[in-house]
Number of protein chains: 2
Amino acid sequence: MAPEALTRGADWLSGAGLRPTRQRVLLAGILVGDGADRHVTAEWLHDAAGRVGDKVSLATVYNTLRAFSDAGLVQEITVDGTGSYFDTRTEDHPHFYWEGSNSLTDASADELQIARLPSPPEGMEIAKVDVVIRLRPKAN
Amino acid sequence: MAPEALTRGADWLSGAGLRPTRQRVLLAGILVGDGADRHVTAEWLHDAAGRVGDKVSLATVYNTLRAFSDAGLVQEITVDGTGSYFDTRTEDHPHFYWEGSNSLTDASADELQIARLPSPPEGMEIAKVDVVIRLRPKAN
DNA sequence: CTCCGTGCAAATAGTTTGCAACCAA
DNA sequence: TTGGTTGCAAACTATTTGCACGGAG
């Protein structure tokens with residue numbers, strides 16, 4: 001892992017007022033160290049940390065992802081009941097879910113145009129619209 | 001529970017080639033006995049069966065809902081990691097998720113118009129588009 | 001020095017499964 | 001008869017929590 005990735009991770013943390021502990025800086029570095037958007041599971045992030053050498057307990061990975069999510073640094077996404085994904089891109093945007101590999105990627109937000117949305121019931125407002133486009137291998 | 005509800009449930013089952021056991025007929029009757037669409041959790045359905053008098057084990061409720069879902073009689077929906085809902089309406093349509101009460105209702109399909117959808121990546125096709133509109137109480 | 005953060009193990013929630021008894025066809 | 005179905009308890013997966021120790025401010 002590149003040293004500037006850790007620096008970038010640390011900046012990302014302090015921007016949200018989170019204390020930059022060793023574990024958090026490492027996980028943050030993995031998540032945003034190269035500037036790319038990522039969709040990770042707790043399990044994947046735990047393994048990734050282990051691969052880099054430093055190890056972080058799985059419970060801490062969960063706690064940390066929750067802290068990041070509460071701080072608005074990542075967005076939690078659930079697609080099927082089993083496991084959730086954390087997305088480093090926090091704007092509202094649609095996702096592709098790849099049924100074969102159970103992975104999640106961004107779909108470009110410009111390509112989704114919702115012309116009309118059901119009006120919210122009395123006394124309610126729309127908090128967020130989750131759009132997941134499920135992909136399957138083309139049957140050819 | 002009205003007797004014709006059971007009849008209707010039994011018909012619903014046989015239409016899908018599922019063996020009409022006592023438990024299945026009961027659960028089916030609760031689900032579609034009055035012709036209304038329903039969004040239930042396993043837990044809710046289990047309790048509902050108990051309220052009617054006959055009891056069905058929770059494991060059987062799960063197995064049964066899975067069987068219904070495999071047979072295409074209901075649709076499984078996951079909105080947040082915790083628990084899934086089974087919808088008796090099987091066409092593709094958007095849902096409202098009520099954040100206060102953790103319940104799920106239908107949103108009218110005509111009121112959602114998607115003008116443009118991201119094109120699926122090479123070799124993939126769109127299996128389904130899940131749209132969940134999250135509602136929160138209006139902050140007034 | 002004082003708390004928040006961490007690690008481990010145990011707890012929890014939701015769901016599935018193994019297996020013997022049962023029942024619809 | 002025969003294979004699908006049920007119930008119970010135990011297994012499982014994903015996630016959270018209690019508690020003692022450790023490190024950041």
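From a predicted model like this one, the values you see are computed outputs, not experimental measurements. Any value given below was found using the heavy atoms of this structure, including those in side chains, with hydrogens, waters and symmetry copies removed. Protein chains get the first letters and strands the later ones, always in sequence-line order, with residue 1 at the start of each.
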Would you indicate what A:Thr41 reaches in the nucleic acid, counting non-hydrogen atoms under 4.0 angstrom: base, sugar-phosphate, or nothing? nothing
Report yes if a side-chain nitrogen or oxygen of A:Gln23 is closer than 4.0 Å to either non-bridging phosphate oxygen (OP1 or OP2) of C:dG7; otherwise report no. yes
Grab the CH2-C1' distance between A:Trp44 and D:dA14 for me, whole Å please. 19 Å
What is the distance from atom CG of A:Leu45 to atom CZ of A:Arg38, rounded to the nearest 0.5 Å? 10.0 Å
Pairwise 5' ranking along DNA chain C for A:Leu58 and B:Ala42, keeping only the more 5' one: A:Leu58
A:Ala59 has its side chain closest, among D:dT17, C:dG5, D:dG7, to D:dT17
Separation of atom CG in B:Asp70 from atom P in D:dT5, rounded to whole Å: 11 Å
Is B:Ser57 close enough to D:dG7 that one of its side-chain N or O atoms is under 4.0 Å from OP1 or OP2 there? yes
Is any side-chain N or O of B:Tyr62 closer than 4.0 Å to OP1 or OP2 of C:dT15? yes
Return whichever of B:Thr21 or B:Ser84 has its heavy-atom-nearest nucleotide of DNA chain C closer to the 5' end. B:Ser84
Within this structure, what is the OH-to-C1' distance between B:Tyr85 and C:dG14, rounded to whole angstrom? 13 Å
Toward the 5' end of DNA chain D, which comes first, B:Arg19 or B:Val56, by nearest nucleotide? B:Arg19
Whole-Å gap separating C1' (D:dC12) and CD (A:Glu43): 14 Å
Checking A:Phe86, A:Trp12, A:Tyr62 against A:Phe68 for ring pair (Phe, Tyr, Trp, His ring centres under 6.0 Å), the one that qualifies is A:Trp12
Determine whether the side chains of A:His39 and A:Asp106 contain a donor N or O and an acceptor N or O closer than 3.5 Å. yes
Go through the steps to decide whether A:Glu99 and A:Arg134 satisfy the test salt bridge (charged side-chain N to carboxylate O under 4.0 Å, His left out), and finish with yes or no. CA-CA 7 Å; A:Glu99 297 198 329; A:Arg134 290 170 172 273; 3.2 Å; yes
A:Ile77 CD1 to D:dT15 P, in whole Å, measures 13 Å
Find the distance A:Leu27:CG to C:dG5:P and express it as a whole number of Å. 14 Å
In whole angstroms, how far is the C1' atom of C:dC4 from the CG atom of A:Asn63? 12 Å
Answer yes or no: does a side-chain N or O of A:Thr82 lie under 4.0 Å from OP1 or OP2 of C:dT15? no
What is the distance, to the nearest angstrom, from the CG atom on B:Asp80 to the P atom on C:dG14? 10 Å
Residue-phosphate contact under 4.0 Å: B:Arg22 side-chain N/O, D:dT6 OP1/OP2: no
Sub-4.5 Å side-chain heavy-atom contact between B:Val129 and A:Val131: yes
Check whether any side-chain N or O of A:Arg24 sits under 4.0 Å from OP1 or OP2 of C:dG5, and answer yes or no. yes
